Amino acid sequence: MSLTILRHPDPVLRKIAAPIPEVTDEIRELAAAMAETMYRAEGIGLAAPQIGRSIRLITVDVTGPERREGLLTLINPELTPLPEAGYVEGEEGCLSVEDYRAKVRRYASVALSALDANGAPVRLEAEGLLAVCLQHEVDHLEGKLFIDHLSRLKRSMYEARLRKRLRNNA
Ligand code: K2U
Ligand code: ZN
């Protein structure tokens with residue numbers, strides 16, 4: 001079942017998501033629905049706030065919607081940057097920020113600590129696209145969007161374009 005993805009400037013996207021106290025069947029069912037929604041939207045990551053649930057749950061699969069071979073369901077994820085690995089800069093988009101992509105600087109490598117869908121601990125060190133995706137998704141749990149990392153000028157140009165589109169669609 002595919003869920004509706006909220007779009008910026010929906011206020012739910014700006015809330016700090018609540019920790020999940022227990023990994024229940026309801027959480028597992030929601031995670032499965034999120035993964036299906038992510039794949040159908042041709043995404044490689046999705047955070048629960050994007051489908052209207054302000055809780056600390058993300059799904060990630062950097063193998064992509066065609067292969068679907070690397071699904072991670074992560075509950076209460078925590079990232080520790082590994083600054084000795086430096087930084088990467090790449091173009092990002094967001095399923096909640098329509099028709100816009102921009103370069104964002106991220107840590108090249110992060111250590112992840114979370115629970116999986118069975119409530120078991122997950123600990124790994126990520127680099128490359130997985131590290132970038134994890135930082136993008138955990139940002140969502142903090143009410144942050146990739147546009148928040150842009151320069152003031154680029155951000156103001158984007159917001160002006162968004163206001164114009166919202167006026168035209170009103
Ligand atoms: O959270 C989301 O909105 C899904 C994001 C995740 C993401 C953004 C930037 C960089 C990595 C992951 C994307 O819209 S998913 C679309 C996508 C697909 C392949 C590669 C990058 C982004
Ligand atoms: Zn996003």
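Along the sequence shown, residues are numbered consecutively beginning with 1. Note that the structure is a prediction, hence the values are computed from the model and not measured. As the structure lists them, so they are numbered: ligands from 1, and atoms in each ligand from 1.
Considering only heavy atoms from C-beta on, Tyr100 comes within 4.5 Å of Arg161 through its side chain. Inter-residue side-chain proximity for Glu89 and Val104 is flagged as unmet; no heavy-atom pair is nearer than 4.5 Å.
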Kindly indicate, with the supporting measurements, whether the criterion side-chain hydrogen bond (donor to acceptor under 3.5 Å, both in side chains) is fulfilled by Glu36 and Ser2.
CA-CA 6 Å; Glu36 188 54 38; Ser2 203; over 6 Å; no
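Listed for the Ser109 side chain is a donor-acceptor partner under 3.5 Å among the backbone atoms of Ala126.
A donor and an acceptor atom, one from each side chain of Glu78 and Ser113, are nowhere located under 3.5 Å apart.
Looking only at heavy atoms of the protein, atom 3 (O) of ligand 1 is closest to Leu95 N, 2.8 Å. Nearest non-hydrogen protein atom to atom 17 (C) of ligand 1 is Ile44 CG1, 4.1 Å.
Which parts of ligand 1 touch Gly45 is read off a 4.0 Å heavy-atom cut-off, strictly below it: atoms 1 (O), 2 (C), 4 (C). Here is the list of ligand 1 atoms found below 4.0 Å of a heavy atom in His140: 1 (O), 3 (O).
Here's the thing with Arg101: none of its N/O atoms is less than 3.5 angstrom from an N/O atom of ligand 1. No N or O atom of Glu42 sits closer than 3.5 Å to an N or O atom of ligand 1.
By the 6.0 Å contact criterion, CD on Glu127 is open, its count of non-hydrogen atoms from other residues, nucleotides or ligands being 12 or less.
Counting only distances under 2.8 Å, and ignoring water, the protein N, O or S atoms around the Zn ion (ligand 2) are Cys94 SG, His136 NE2, His140 NE2.
Distances from atom 14 (O) of ligand 1 to the heavy atoms of Pro65, Cys94, Ser96, Gly43 put Cys94 nearest.
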